[in-house]
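In what follows, a structure is listed as structure tokens, so that the remarks can point back to it.
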Amino acid sequence: VTAYANANMNVKFTYDDNASNWALWAAIDDFEVSKNVVVETFNNCTLPTGWENNIISGDYAWQFGNDTIWTTTMNGSCMAFFNDFNYGETATPSNIVLASPIFDATQYGNIAVNADIHFISFANVPLVVAVYDGTTWIPVQTYMNDVYSGWAYSDYVRLNVDLSEYRNPNMRIAFIFDDLGYQAWKAGIDNFKIQGYGVLSDVCEKAIPLTMNATCETYTNQNAIFSGSIPSCVDSTK
């Protein structure tokens, strides 16, 4: 619904049994409207602005475009990919990291990452999705020991992970491929999105106003962001 965005936007569901006709029923649940915080389709066929492509070890980094040797793409356009098999069994072992731009996740009650993932594992070779929580990188999804789609890049699975508990103003996502010294197989990433949604009231500028003798406001501190100095007698993780 991006094309219809406006300051007074709403969404309605209309059920009409066509007056005299006998009809059945409808149901709606788990409704949410989210905002795209970061979107990347890799359709420019090059490393996108703000992204980092780092080689921890090896001679080759993540590629952008089409795998010319395997002649397939994930959805007909360019993608991010790494095909370890293309470089042969004598290549230097590869450990590579593709990291998203930094984004502020404190403006939303909930944050999720979505992406199309193609991955064919070999032995214990992993593809790890990690989130930066403001202090360290934390794995949130690991693909390993399986063919998570078909053998063609056009076969893929959907990554969908809730990152709300890691919200911080300097958040980012990384895709880490480590071939562990093997001549491993291939990985592809496309249609990457960070989506924010939900009411946020745990930062001052988003605080819920309280009025004396008014109806009680009910909320939760689940996924709330801790700020300020940490007293010696308090465990801020609880």
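Computed from a predicted model, the values in this text were never measured in an experiment. All values below were derived from every heavy atom in this structure, side-chain atoms included, with hydrogens, water molecules and symmetry-related copies excluded.
At distances below 3.5 Å, at least one donor-acceptor pair connects side-chain atoms of Ser121 with backbone N or O atoms of Asn145. Looking at Asp179, its side chain does come within 3.5 Å of a backbone N or O of Ser94 through a donor-acceptor pair. With hydrogens and angles disregarded, a donor-acceptor distance shorter than 3.5 Å links the side chain of Asp67 to the backbone of Ile69. Asn168 contributes a side-chain N or O that, together with a main-chain N or O of Tyr166, makes up a donor-acceptor pair within less than 3.5 Å.
Here the shortest heavy-atom pairing between Pro169 and Ile102 reads O-CG2, 4.2 Å. Shown here for Ala105 and Met171, the closest heavy-atom pair between the two residues is CB-SD, 3.3 Å. Across all their heavy atoms, Ser77 and Thr73 have their closest contact at O-CB, 3.4 Å. The two residues Ala187 and Trp62 have their closest heavy-atom pair at CB-CH2, 4.1 Å.
Ring pair Phe31/Phe13 is perpendicular by interplanar angle, where above 60° counts as perpendicular and below 30° as parallel. Using cut-offs of 30° and 60° for the angle between ring planes, the Tyr153 and His118 rings count as tilted.
Other residues, nucleotides and ligands contribute at most 12 non-hydrogen atoms within 6.0 Å of the CG atom of Asn44. In this structure, Tyr87 places its OH atom where more than 12 heavy-atom neighbours from other residues, nucleotides or ligands lie under 6.0 Å away.
Under 4.0 Å is where a charged nitrogen must lie from a carboxylate oxygen, and between Asp84 and Lys186 no such pair does.
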